[in-house]
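In what follows, a single structure is set out as structure tokens and then discussed.
Computed from a prediction, not measured in an experiment: that's the story for all the values here.
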Amino acid sequence: MISAPKPPNAFQHAWRNPWLRLVVFILLALVALRFAGLIGAVIVNFAVAYLIAYIANPLLNWLERGRVPRGLGVLFVLLLFGGLLTLAGALLGAIAGQLIDLLRQLPQLIQNLEGWADSATTWLQGRGSRAWKTSAKA
């Protein structure tokens, strides 16, 4: 025997309304964004760890083929990465310091350049250059 279809329950009846579905989906999206914001640091740390493991694995496999135990290879790779990060930090610190010094000395360098341009103009005018005399009048 075939039974008659059951009438929709209250949830199914309410879910037919597109505005209710829109509100529910917007609320779900806001909750998901809030949750992603809370665990953002964890996601970044996981991504960095995965990238390091992805880069280090071929080097570890190469070391294992050379009969280096994996534990010793991991230690070697971690020391290598630590050294590279230390070197990069030192280089960035030196570059930043030099850039700050350049920006501090920039006004003096511009004044020196202006003085050099004035003396070059005076020297050219003293030699009888017509182009410099006409540009000086303008």
Side-chain angles (χ1 to χ4, degrees):
M1 280 196 177
I2 299 176
S3 63
K6 296 180 182 180
N9 61 20
F11 176 76
Q12 289 174 339
H13 183 67
W15 192 249
R16 289 181 185 165
N17 185 350
W19 294 108
L20 178 68
R21 285 185 289 188
L22 178 67
V23 168
V24 168
F25 286 133
I26 288 174
L27 287 174
L28 284 175
L30 289 174
V31 167
L33 284 174
R34 176 110 172 145
F35 182 68
L38 291 174
I39 65 167
V42 174
I43 292 172
V44 169
N45 287 338
F46 178 77
V48 169
Y50 182 80
L51 181 66
I52 290 172
Y54 185 77
I55 292 171
N57 192 42
L59 181 58
L60 286 171
N61 289 339
W62 180 75
L63 288 171
E64 276 186 328
R65 281 194 304 266
R67 306 219 185 252
V68 175
R70 189 148 184 107
L72 190 59
V74 167
L75 178 65
F76 173 71
V77 169
L78 286 176
L79 290 174
L80 179 69
F81 277 148
L84 289 175
L85 287 175
T86 303
L87 180 64
L91 288 175
L92 285 176
I95 290 171
Q98 290 179 359
L99 185 61
I100 289 170
D101 287 342
L102 173 68
L103 292 176
R104 283 185 187 148
Q105 294 176 1
L106 196 58
Q108 181 62 37
L109 294 172
I110 290 173
Q111 286 178 352
N112 291 345
L113 182 62
E114 287 174 352
W116 178 82
D118 287 341
S119 65
T121 303
T122 305
W123 182 81
L124 286 172
Q125 286 176 350
R127 298 281 186 238
S129 174
R130 293 181 185 174
W132 289 101
K133 288 181 182 178
T134 57
S135 66
K137 291 178 185 177

Requested in this report: Kindly give the heavy-atom pair with the smallest separation between Gly73 and Val68, and that separation in Å.
Outcome: N-CG1, 4.0 Å
Report summary line: So side-chain hydrogen bond (donor to acceptor under 3.5 Å, both in side chains) across residues 8-21, not counting sequence neighbours, yields none
Report task. Please identify each residue that fulfils side chain to side chain donor-acceptor pair (under 3.5 Å) with Gln105, with sequence neighbours left out. Result -> none
Query raised in the report: Which distance, rounded to the nearest 0.5 Å, do you find between the CZ of Arg104 and the CG of Leu99?
Result: 11.0 Å
Requested in this report: Please answer: with hydrophobic residues joined when any side-chain heavy atoms are less than 4.5 Å apart, are Ile26 and Leu20 in the same cluster?
Outcome: no
Report task. State, with a plain yes or no, whether a side-chain heavy atom of Leu27 is found less than 4.5 Å away from one of Val31. Result -> no
Query raised in the report: Does the side chain of Leu109 come within less than 4.5 Å of Leu102's, by heavy atoms?
Result: yes
Query raised in the report: Are Val48 and Leu78 joined in one hydrophobic group, where the rule is that I, L, V, M, F, W and Y side chains link up if heavy atoms are under 4.5 Å apart?
Result: yes
**Report entry** Any side-chain heavy-atom pair of Glu64 and Leu59 under 4.5 Å
**Finding:** no
Query raised in the report: If we only count heavy atoms from C-beta on, is the Leu63 to Leu72 side-chain gap below 4.5 Å?
Result: no
Query - Single-linkage hydrophobic cluster Leu28~Phe11, side-chain heavy atoms < 4.5 angstrom - result: yes
**Report entry** Crowding at CZ, Phe81 (>12 non-hydrogen neighbours, <6.0 Å)
**Finding:** yes
Query raised in the report: When rounded to the nearest 0.5 angstrom, what is the spacing between CG in Leu113 and CG in Leu106?
Result: 10.5 Å
Query - For Val77 against Ala56, the heavy-atom pair lying closest together - result: CG1-CB, 3.6 Å
Requested in this report: Establish whether Leu80 and Leu51 are linked, either directly or via other cluster members, by ILVMFWY side-chain heavy-atom contacts under 4.5 Å.
Outcome: yes
Query raised in the report: How many angstroms lie between CG in Leu79 and CG in Leu84, if you round to the nearest 0.5 Å?
Result: 11.0 Å
**Report entry** Leu75 with Leu60, same ILVMFWY side-chain cluster at under 4.5 Å
**Finding:** yes
Query raised in the report: Which pair of heavy atoms, one from Gly82 and one from Thr86, lies closest together, and at what distance?
Result: O-OG1, 2.8 Å
